[in-house]
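Data block below; observations after.
Heavy atoms only: backbone and side chains are in, while hydrogens, waters and symmetry mates are out. Just follow the structure's listing: the first ligand is 1, and inside any ligand the first atom is 1. This structure is a prediction, so every number in the text was calculated from the model and none was measured.
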Amino acid sequence: MKNIILTGASSGIGMAFARRAANSGRILLLGRNEKALKELLKELPGDHAMMRCDVTSLSDCEKAVNHAMKEFGSVDVLVNNAGLGYFDPLAEGKLAEWHHMVDVNVKGILSMLHLCLPSLIEKKGHVINIGSVASHHVFPNSGVYCATKHAVLAISESIRVELMGKVRVTTISPGAVNTDFINKTTNETIHADMKDYFATSMAPDTIAQQIMHALNAPADSVINEILIRPFR
Ligand SMILES: NC(=O)c1ccc[n+]([C@@H]2O[C@H](COP(=O)([O-])OP(=O)(O)OC[C@H]3O[C@@H](n4cnc5c(N)ncnc54)[C@H](OP(=O)(O)O)[C@@H]3O)[C@@H](O)[C@H]2O)c1
């Protein structure tokens, strides 16, 4: 039984992964939407827990990791999934949105990683970071989001090169997935242009299956990245 911390469990890819992983581990479900977390906890088979955690708050992250250590005894798997993208042309970008993407997508991952590393090293654990195709390419109208997802890949690579043989790391890098993700974009024209594309892209469970695949890799191996795009 693995002890798993999952950020962004209240929606989309995180929620789909919680459903896939419920029978193979104990999961601490994290997010800000407590109603969604409570409903998910009720629905899942097995012994899990939930907690409100805004990953931009270091004290929330500390409380969450302390809770996992107290209730589960260790953190074997950290799934850094919480994230968001605001799409805008660079010249029309809103600085508060840029800062918020960095706070959630980069600093949030770093806070959780820093707090979980001692247990992950002790347990030879596994970090799953949710990157994106935007970890590899820079697209128009999403430059800052792409910058944060390039950073996610760099963080994963630093785990790989420095903690080889001690902690496994996998970056899951999806193209468009049909979740609430695109609805965060406040630029109405871009939202209107892109929402149908996302709605007809991959199901969140497709990505959840890839996370399971990485977690179940043969013990003499580690899958460092899965890049997955819609087939259309
Ligand atoms: N959908 C796509 O096309 C796509 C493609 C590539 C990569 N991704 C990545 O996949 C990950 C999951 O996104 P999704 O597509 O599943 O979108 P989603 O349905 O909007 O889910 C985003 C999750 O992140 C959590 N979150 C956002 N801000 C947070 C904060 N400040 N503190 C804690 N949790 C926060 C949300 O929980 P609360 O609102 O409850 O806090 C929610 O559970 C993200 O990292 C995203 O960048 C998505």
Side-chain angles (χ1 to χ4, degrees), residues 5-20 27-41 50-65 78-87 96-97 99-112 127-137 139 142 144-153 155-156 170-186 191 194-208 210-211 225-230 232:
I5 290 187
L6 168 63
T7 68
S10 54
S11 177
I13 294 168
M15 187 178 271
F17 170 70
R19 290 183 173 129
R20 278 271 162 198
I27 313 172
L28 177 58
L29 307 162
L30 301 177
R32 294 164 305 170
N33 182 342
E34 289 179 89
K35 185 168 176 280
L37 293 174
K38 275 183 193 150
E39 280 167 17
L40 180 62
L41 185 65
M50 59 141 284
M51 209 169 169
R52 186 187 191 281
C53 174
D54 181 335
V55 295
T56 68
S57 155
L58 182 56
S59 110
D60 277 12
C61 294
E62 283 167 344
K63 281 181 199 146
V65 176
L78 168 64
V79 183
N80 271 320
N81 164 71
L84 81 167
Y86 298 113
F87 293 171
E97 292 187 350
H99 284 176
H100 190 60
M101 283 189 278
V102 173
D103 286 344
V104 177
N105 299 0
V106 183
K107 291 168 79 176
I109 282 190
L110 290 174
S111 297
M112 293 304 293
V127 178
I128 303 279
N129 285 330
I130 306 300
S132 168
V133 165
S135 297
H136 293 272
H137 303 284
F139 302 99
S142 57
V144 179
Y145 176 69
C146 295
T148 65
K149 289 298 182 179
H150 274 60
V152 171
L153 190 58
I155 293 164
S156 293
T170 305
T171 309
I172 307 283
S173 298
V177 186
N178 181 16
T179 66
D180 204 38
F181 175 84
I182 190 60
N183 299 323
K184 302 295 181 300
T185 285
T186 55
H191 179 258
M194 298 192 78
K195 71 178 186 348
D196 290 347
Y197 177 75
F198 278 81
T200 55
S201 292
M202 294 179 287
D205 183 59
T206 299
I207 311 307
Q210 297 308 311
I211 304 173
E225 188 175 10
I226 295 176
L227 190 53
I228 177 167
R229 295 182 170 88
R232 51 169 81 240

Worksheet item: Any sub-3.5 Å donor-acceptor pair from T171's side-chain atoms to S173's backbone N or O?
Response: no
Fill in: Where N105 and G83 come nearest, the two heavy atoms and their spacing
OD1-CA, 3.2 Å
Discussion item. Under 4.0 Å, heavy-atom basis, I'd like to know which part of D180 is in contact with ligand 1: side chain, backbone, both or neither.
Written reply: both
Worksheet item: Just distances here: any N/O of D54 and N/O of ligand 1 closer than 3.5 Å?
Response: yes
Item to complete: Kindly say whether D60 contributes a backbone atom to a donor-acceptor pair with the side chain of S57 at under 3.5 angstrom?
Response: yes
Discussion item. Please classify the M15 to ligand 1 contact at 4.0 Å (heavy-atom distances, strictly less than): side chain, backbone, both or neither.
Written reply: neither
Discussion item. Treating R232 as the side-chain partner and T200 as the backbone partner, does any N or O pair qualify as donor plus acceptor under 3.5 Å?
Written reply: yes
Worksheet item: Are the side chains of M194 and T185 in touch, meaning some heavy atoms are under 4.5 Å apart?
Response: no
Worksheet item: What atoms of ligand 1 come within less than 4.0 Å of a heavy atom belonging to I13?
Response: 10 (O), 15 (O), 16 (O)
Fill in: Candidate with minimal heavy-atom separation from atom 34 (N) of ligand 1, of G12, A16, A82
A82
Worksheet item: Which one holds for N81 and ligand 1: side chain close, backbone close, both close, or neither close, with close meaning a heavy atom under 4.0 Å?
Response: both
Worksheet item: Would you say G131 touches ligand 1, if touching means a heavy atom closer than 4.0 Å?
Response: yes
Response to the item:
Residue, atom and distance of the protein heavy atom nearest atom 40 (O) of ligand 1 read S10 OG, 2.6 Å
Fill in: S135 side chain vs K149 backbone, donor-acceptor pair below 3.5 Å
yes
Worksheet item: Looking only at N/O atoms, are G31 and ligand 1 under 3.5 Å apart anywhere?
Response: no
Discussion item. Using a 4.0 Å cutoff against the non-hydrogen atoms of S11, which atoms of ligand 1 qualify?
Written reply: 18 (P), 19 (O), 21 (O), 42 (C), 43 (O)
Discussion item. Please determine whether the number of non-hydrogen atoms from other residues, nucleotides or ligands lying under 6.0 Å from atom NZ of K107 exceeds 12.
Written reply: no
Discussion item. Can a donor-acceptor pair be found, under 3.5 Å and without considering hydrogens, that links the side chain of H100 to the backbone of A96?
Written reply: no
Response to the item:
Any heavy atom of S201 under 4.0 Å from ligand 1? The part involved is neither
Item to complete: Within a distance under 4.0 Å of any heavy atom of C53, pick out the atoms of ligand 1 and give their elements.
Response: 32 (N), 33 (C)
Worksheet item: Is a donor on one side and an acceptor on the other found under 3.5 Å between the side chain of D103 and the backbone of T56?
Response: no
Worksheet item: I130 near ligand 1, heavy-atom distance under 4.0 Å?
Response: yes
Item to complete: Compare all side-chain heavy atoms of V133 with those of L227 and state whether any distance is below 4.5 angstrom.
Response: yes
Item to complete: Could you tell me whether some N/O pair between V55 and ligand 1 is separated by less than 3.5 angstrom?
Response: yes
Worksheet item: Nearest protein heavy-atom contact for atom 17 (O) of ligand 1: which residue, which atom, what distance?
Response: T179 OG1, 3.3 Å
Worksheet item: So do N80 and V55 actually touch side chain to side chain, heavy atoms under 4.5 Å?
Response: no
Worksheet item: Between the candidates G83, C61, S135, which shows the shortest non-hydrogen contact distance to atom 22 (C) of ligand 1?
Response: G83
Fill in: T170 (side chain) donor-acceptor with I128 (main chain) under 3.5 angstrom
no
Response to the item:
Of all protein heavy atoms, the one nearest atom 8 (N) of ligand 1 is Y145 OH, 3.7 Å
Worksheet item: After noting the C-alpha distance and the side-chain angles of I5 and M112, does the key distance pass the side chain to side chain contact (heavy atoms under 4.5 Å, CB included) rule?
Response: CA-CA 9 Å; I5 290 187; M112 293 304 293; 3.7 Å; yes
Worksheet item: Where is the nearest protein heavy atom to atom 25 (C) of ligand 1: which residue, which atom, and how far?
Response: G8 CA, 3.7 Å
Worksheet item: Got a second to check how far I207's CD1 is from I228's CD1, nearest 0.5 Å?
Response: 4.5 Å
Item to complete: Identify, by atom number and element, the atoms of ligand 1 in contact range of V104, meaning under 4.0 Å from any of its heavy atoms.
Response: 28 (N), 31 (N)
Worksheet item: If you count the atoms of ligand 1 from 1 in the order shown, which ones are under 4.0 Å from a heavy atom of K184?
Response: 20 (O)
Fill in: Within-4.5 Å side-chain heavy-atom neighbours: E225 and L153
yes
Worksheet entry | Heavy-atom nearest option to atom 5 (C) of ligand 1, drawn from A208, G175, A176, S132 | G175
Worksheet item: Measuring from the heavy atoms of G85, does anything fall under 4.0 Å of ligand 1?
Response: no
Worksheet item: Looking only at N/O atoms, are P174 and ligand 1 under 3.5 Å apart anywhere?
Response: no
Response to the item:
Residue, atom and distance of the protein heavy atom nearest atom 39 (O) of ligand 1 read R32 NH2, 3.0 Å
Discussion item. Can you report which non-hydrogen protein atom sits closest to atom 2 (C) of ligand 1, along with the distance?
Written reply: V177 N, 3.4 Å
